[in-house]
Every structure is written in structure tokens, then in C-alpha cells.
Protein chains: 2
Amino acid sequence: MLKDIIDNNENYQPGLSIDCVIFGFHDNQLKVLLIKVERANKWSLPGGFIPVDQDIDTAAITVLNSRTGVDGVFLRQFATFGKVDRNKQHFDKKTLEYLKIEEAKGKWLMRRFVTIGYYALVDFSKILPNPIGRYEIVEWIDHKEVPELILDHREILDKALDTLRTELNLMPIGYNLLPEKFTIPELQKLYETILDKKLDRRNFLRKITNIGILTKLDEKKSNVAHKAPNLYSFDKEKYDEVLKNGLNQGW
Amino acid sequence: MLKDIIDNNENYQPGLSIDCVIFGFHDNQLKVLLIKVERANKWSLPGGFIPVDQDIDTAAITVLNSRTGVDGVFLRQFATFGKVDRNKQHFDKKTLEYLKIEEAKGKWLMRRFVTIGYYALVDFSKILPNPIGRYEIVEWIDHKEVPELILDHREILDKALDTLRTELNLMPIGYNLLPEKFTIPELQKLYETILDKKLDRRNFLRKITNIGILTKLDEKKSNVAHKAPNLYSFDKEKYDEVLKNGLNQGW
DNA sequence: ATTACATTGCGTCATAATAACACATTAACG
DNA sequence: CGTTAATGTGTTATTATGACGCAATGTAAT
């Protein structure tokens with residue numbers, strides 16, 4: 001991958017990259033898909049470069065798809081990061097030597113890269129994290145236990161989560177993060193996890209059902225301790241409508 | 001400006017630009033600062049390039065400042081635009097010939113540029129639109145009467161307005177768009193203009209004052225037809241607090 | 001079997017926010 | 001000096017929200 005880009009850097013948008021914050025939900029935890037290259041001791045967000053003949057949104061889809069195998073999911077640009085020194089230490093001379101990249105060829109890697117941040121919401125159960133090459137580790141990590149990340153990836157992740165929190169007030173969420181059938185308590189946990197605060201069960205039920213995007217199924221969750229909760233699914237049509245028009249108009 | 005960039009394109013971030021949507025409010029109209037180069041028959045958003053030794057936010061401030069003379073105002077990144085063909089027609093061979101740019105030197109201008117969009121809110125009365133060079137026309141234009149724009153600038157403008165509308169529900173607005181002293185009806189007109197819908201006077205007053213960011217002055221607007229409205233100012237401290245914490249939490 | 005217990009489902013009530021509207025007040029103007 | 005077109009203040013009905021109570025349900029311990 002990197003070799004391809006170095007040998008053919010004319011084919012890629014110079015000085016630009018894409019980084020994806022891929023969110024999943026599992027075990028009542030909001031997880032983030034992170035990548036570790038064996039030689040490094042820090043993790044990073046899955047990212048990539050932009051072919052000159054692709055829209056940036058298309059390039060983002062490619063990044064997401066190459067790591068998760070899924071497409072057609074929720075993927076949204078949220079911010080672009082371009083501090084002067086954001087990748088100063090990343091591709092320095094030492095690293096180039098380590099990677100056996102000729103200095104002339106790798107010089108452009110040492111310049112400042114501006115990166116466009118996208119965040120994705122995916123169904124954890126449908127994803128098989130996909131390492132590219134032998135030396136790469138791809139893992140879901142609880143967003144509360146994210147280790148040190150390279151460059152400004154921590155800032156990017158924080159901003160993504162912040163955006164998600166804000167957009168939670170403007171749009172419905174869950175369709176892309178939960179399996180097809182789910183319970184209200186599960187959906188509530190998702191909200192609580194993202195917002196990092198407790199919500200009242202009863203008020204949550206009222207508010208979420210009032211939106212009119214849920215279909216109550218004639219089926220209960222099985223194999224659970226205590227009272228079996230009812231299963232729900234999203235009414236895709238109404239969900240998409242609300243997603244388009246937004247909720248909580250305000251004015 | 002362009003000549004400087006062509007001669008020293010090593011000093012600028014390649015393939016990247018910045019475009020600013022600068023909003024002002026005057027005569028009950030939401031105005032946008034647009035630029036027309038004499039040779040062209042289309043208008044464009046004020047934009048610029050990114051020096052390799054500057055943060056992108058800093059470069060955006062520079063663009064805003066060079067056209068308006070103001071700084072320290074509200075300036076916010078809202079989206080990045082990078083469709084493959086977004087500047088296909090802009091710097092084609094013909095244009096390079098017209099501008100007397102050698103093809104070798106101008107070649108990089110013909111490639112796809114990705115542009116980072118910022119929007120600014122400024123006090124109309126404090127701005128003297130500032131043309132750079134003799135052949136440039138800078139003008140405030142009512143957002144409802146914006147003529148044809150170059151490239152995808154129409155899309156950028158629309159997205160900026162859309163973002164502003166959404167953020168109106170999340171933050172207070174007006175401090176940067178209105179003069180120091182203003183009336184409630186003026187503030188309401190601002191909201192109505194941005195949202196493009198009528199609001200009820202009495203409900204607006206209640207809601208806006210309940211936010212707790214307004215100071216009622218012991219002074220009335222003079223020289224007005226009909227009953228003289230009271231003057232208000234923003235309580236900067238409380239305003240900034242709300243701006244930071246947001247309003248309409250939702251969940 | 002019976003009981004304890006954690007969790008779900010449904011409901012209540014007080015309070016706050018919102019939408020729709022009535023009426024008095026003010027200043028310019030003919 | 002009354003008309004007119006604004007502003008300022010208040011009222012009411014409806015809806016949304018926040019804080020709870022209590023019964024129902026299924027698991028697990030006795």
C-alpha cells in the first residue's frame with residue numbers, strides 16, 4: 001500500500017489524506033476500530049490517500065471498505081485537520097531509513113499532510129476487522145480505553161465523538177450500530193454510552209417511541225436474565241425521513 | 001497574489017485551497033461577500049491558498065482578514081469539498097494562456113483542488129470590502145440574489161448556510177453580525193432571514209431573553225417610524241458561556 | 001414449589017416549554 | 001388629533017420534560 005503510493009505518488013492527491021473513525025457498539029461499549037503497525041508502539045485510525053481520479057467521499061468509502069468489508073453504511077465527513085506540525089514526527093528521516101525509502105522518493109511524505117476526518121457507524125456483529133498485510137493488527141477498542149495514538153489522531157477521535165454527540169440531538173441513531181432486532185434497553189445503553197450519562201428508562205422509552213421510527217415486534221429477547229425485554233426494529237422508511245429532515249427543530 | 005503562488009508554489013500546500021463564506025447582515029438581508037474578477041463573468045467566494053508553514057485555520061483567518069480587514073471574529077470550518085471534477089474548467093489551458101502563465105509552471109493548477117470551507121459572521125457596518133488589485137470587485141450581495149458562481153461555489157455557499165441554520169439551534173448568534181446596540185425586532189429579523197421563516201414576535205422575545213445573554217439598555221432606538229423599540233446589547237460573558245456549552249441539549 | 005431479586009413495562013404528576021392569540025402603548029404622519 | 005404601524009406585556013391551551021411509583025416477568029437461590 002505505502003509502497004504503491006510512494007512509487008506512484010503522482011496518482012494521489014498530494015499532501016492530503018483521509019482518516020476514518022469507525023464506531024461500533026458491542027457489550028454496552030462504544031468501540032473504535034484501530035490499527036497498529038507492528039513496528040510502531042502506537043495505534044492509529046484507519047486512513048488512506050486520495051486517488052486523483054476519485055471524489056474524496058469515494059476515497060473515504062474505500063478506506064472504510066478495505067478495513068471492514070462493509071459499504072453502504074453511515075459515513076460522514078466531520079472535520080479537516082491541518083495544523084502545521086501535525087505529522088512532523090511521523091515520516092521523519094529516521095522512519096524513511098527504517099522503511100528503506102529513498103529520501104528523494106519519500107521527501108513528499110515528510111511535508112505537512114492535511115487530513116480529512118470521516119466517521120462511520122457500523123454494525124459490530126457484521127464486521128470482521130481486516131488487516132492489510134502481515135504486520136498490521138486491526139482491533140475494536142472501547143472508546144474509553146483507547147491507548148496512545150499517533151499524530152493528532154486522539155484529537156480527531158475526540159472531535160468525531162463530539163460531533164456524534166451533537167448530531168444525536170439532530171438525527172436518529174442506531175440503525176447502523178445495532179443489529180436488525182434490538183431492545184429498548186439496548187438502544188438506551190447506546191445513547192448513554194455515547195453521551196456518557198445516565199438516562200431515565202421510562203422517559204427514554206417515551207421520547208424514543210414518540211419519534212415514530214420504531215416498530216414493536218411480536219417477539220421477546222430470549223436467554224436473558226430477568227424479565228425478557230421486547231424486541232424492536234427500525235421502520236427504515238420513517239427513519240430515513242427523520243434522518244433527512246432532522247429532529248428537534250429548535251426555532 | 002496568483003503570480004506569487006505560481007512562482008513559489010513550493011511554499012504552498014499543493015492541491016489545497018480555502019474558501020470563505022462571509023456573512024453579514026444589513027437592511028434585513030443576509031449578505032454574502034463575493035468577488036468578481038473583471039475578466040470573468042462569474043462571481044466567486046473569497047479564497048486563498050495555504051502556506052506550508054501555517055495552520056489551515058490561520059490561513060483561513062488570513063483570507064478573511066485580507067478581504068475585510070477584520071479579525072477576531074467568528075470563523076468556523078464547516079466542510080471540505082473534493083469532487084474529482086470540481087475545478088476542471090477553472091484553470092484549463094485556455095485560461096493559462098489568457099493569464100500568460102507558462103504551461104509548465106501552471107500545470108499543477110490544472111489538477112483537482114480540494115477546498116476547505118470556512119464561514120464567517122461579521123459586523124456589516126465595520127467592513128469595508130477590500131479589493132486586491134485593480135481588476136477585482138468585492139461586494140456584499142443578498143444571499144437570495146447571488147448570481148452564478150464559479151466551480152462548486154454555489155454548493156459551498158448552500159452548505160455554509162445550511163450549517164449556519166443547524167447551528168442556530170445549538171448556539172446563540174448575533175454577537176458577530178449585529179452592531180453593539182440593537183433591538184429585539186432586529187435580532188428577530190436576523191433569525192427569520194437565516195431560517196427563511198416568520199417567527200412570532202412575542203414568543204421570540206420570551207425565548208431569546210430566557211437564554212440569558214441579553215442586557216436590556218435604558219435607551220430606545222431613535223429616528224424610527226412608529227413606537228421606538230428598546231435597545232439591547234449582548235452580555236459577552238454569558239454569551240460566550242452559552243456559545244461554549246451550547247443550548248438545546250436534547251438528550 | 002416458593003421466594004427473592006433484578007429488570008422490564010406502563011402510568012402518574014408537577015413543572016417547564018411552546019404555540020396561538022388579545023390588548024394596551026407609543027411615535028410619526030397626514 | 002385621529003390613523004396607522006409598529007412595539008411591549010400578558011393569557012391560555014397544549015405539549016414536552018423530569019422525577020417518580022408500582023405491577024409484571026423471568027432467573028436463580030432456598
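Note that the structure is a prediction, hence the values are computed from the model and not measured. Every chain is numbered from 1, with letters handed out A, B, ... down the list of sequences.
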Phosphate OP1/OP2 of D:dA19: any A:K198 side-chain N/O under 4.0 Å: no

Backbone N/O of A:S125 and side chain of A:D123: donor-acceptor pair under 3.5 Å: yes

Nucleotide nearest A:P185 when distance is taken to its side chain, options D:dC20, C:dT8, C:dC21: C:dT8

Pair B:Y191 + B:F204: ring centers closer than 6.0 Å: yes

B:Y239 and B:E241, any side-chain heavy atoms less than 4.5 Å apart: no

Base D:dA19 to side chain A:N203, donor-acceptor N/O within 3.5 Å cut-off: yes

First of A:H226 and A:I184 reached from the 5' end of DNA chain C, by closest nucleotide: A:H226

Under-3.5 Å donor-acceptor pair between A:R206 side chain and D:dG18 base: yes

Sugar-phosphate only, base, or nothing, as touched by A:N210 at under 4.0 Å among non-hydrogen atoms: nothing

When the side chains of residues 159-186 of chain A are checked against the rest of the protein, which donor-acceptor pairs come out under 3.5 Å, sequence neighbours left out?
unit_1 : atom_1 : unit_2 : atom_2 : d
A:T163 : OG1    : A:K159 : O      : 2.7
A:R165 : NE     : A:I194 : O      : 2.6
A:R165 : NH2    : A:I194 : O      : 3.3
A:T166 : OG1    : A:D162 : O      : 3.1
A:E167 : OE1    : A:Y119 : OH     : 2.6
A:N169 : OD1    : B:W251 : N      : 3.3
A:N169 : ND2    : B:Q249 : O      : 2.6
A:K181 : NZ     : A:E219 : OE1    : 3.1
A:K181 : NZ     : A:E219 : OE2    : 3.4
A:T183 : OG1    : A:E186 : N      : 3.1
A:E186 : OE1    : A:T183 : N      : 3.0
A:E186 : OE2    : A:K221 : NZ     : 2.6

Under 4.0 angstrom between A:K216 side-chain N/O and C:dC10 OP1 or OP2: yes

Contact under 4.0 Å: A:K207 side-chain N or O vs D:dT17 OP1/OP2: yes

Pairwise 5' ranking along DNA chain D for B:W251 and B:Y232, keeping only the more 5' one: B:Y232

hbond_proxy B:R201 side chain to D:dG8 base (donor-acceptor, 3.5 Å cutoff): yes

